[in-house]
Amino acid sequence: MSAGDAKKFIDLSHTIVEGMITYKGFPAPILCDFLTREDSKHLYAEGTTFHIGKIEMIANTGTYLDSPFHRFEDGKDISELELTQLASLESVVIRVPGQTARAIDRDAFLAVPVRGKAVLVHTGWARHWGKDQYFEGHSYLTEAAALYLRDEGAVLVGIDSLNIDDNSGKERPVHTTLLQAGIPIVEHLCNLEMLPLSGFTFTAVPVKVKGMGTFPVRAFATI
Ligand SMILES: [Zn+2]
């Protein structure tokens with residue numbers, strides 16, 4: 001990119017709104033005022049007001065990033081991740097939105113070099129966001145796919161689906177494999193259909209909170 005070229009950003013995040021459900025069985029965020037604009041009037045000069053909001057939510061809300069601590073007690077939490085793991089990552093998109101099988105196996109990844117890359121898996125499942133269908137029958141990666149991505153040196157794996165794992169059983173092999181290797185996971189992405197297959201960077205940075213394994217991100221691509 002030359003100095004005069006304008007960067008283009010593509011937002012890959014869902015908007016967090018009062019009452020929305022990200023994952024069935026988990027509570028929706030509660031938004032309210034800590035300080036209303038009206039109540040702030042007496043604190044400041046005439047015509048100067050502020051709003052201070054308050055949000056109560058579980059960490060797994062909206063589009064979020066999992067750090068190793070989400071799965072492993074001794075793994076790095078979100079405050080310990082390096083920005084080099086989260087920002088301006090060279091990326092590739094793997095497109096499987098037409099596939100009828102729910103499981104995305106390693107063969108979906110074989111054609112594209114993933115070493116040093118953020119790998120974003122476009123399943124198309126984000127089209128169900130906000131509907132009951134989002135919670136049932138999502139696409140996910142197999143353990144073999146996760147082992148392949150780990151062994152081939154992917155640095156982050158994202159998906160536009162409910163869960164990167166099959167949640168019908170009690171095992172979570174993809175979370176286990178990737179997070180054990182220190183590879184962050186981003187789930188509930190959207191707009192992946194707007195991305196080129198490569199030639200862009202991906203950024204998804206959570207706030208810096210100690211002792212949290214997961215947190216919402218503003219995920220975006222820079223082209
Ligand atoms: Zn997860």
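Counting starts at 1 for both ligands and their atoms, in listed order. All residue numbers in this chain count up from 1 along the given sequence.
Pairs passing the ring pair (Phe, Tyr, Trp, His ring centres under 6.0 Å) check and including a residue from residues 10-42, sequence neighbours excluded, read His14-Trp129, Tyr23-Phe26. Within the structure, every pair that satisfies the ring pair (Phe, Tyr, Trp, His ring centres under 6.0 Å) test and touches residues 200-223, not counting sequence neighbours, is listed here: Phe9-Phe220.
Heavy atoms from other residues, nucleotides or ligands lying under 6.0 Å from CD of Gln99 number more than 12. Residue-environment remark: NZ (Lys54) stays at or below the threshold of 12 foreign heavy atoms within 6.0 Å. Within 6.0 Å of atom CZ in Arg127, more than 12 heavy atoms from other residues, nucleotides or ligands are found, so the atom counts as buried in its surroundings.
Nearby protein atoms of type N, O or S around the Zn ion (ligand 1) amount to 3 (distance under 2.8 Å).
The hydrophobic cluster containing Ile94 also includes Phe72, Val92, Val96, Ile104, Phe109, Leu110, Val112, Val114, Val119, Val121, Leu141, Tyr148, Leu149, Val157, Ile159, Ile164, Val174, Leu178, Leu179, Ile183, Ile185, under a criterion of side-chain heavy atoms closer than 4.5 Å among ILVMFWY residues, counted directly or through chains of members.
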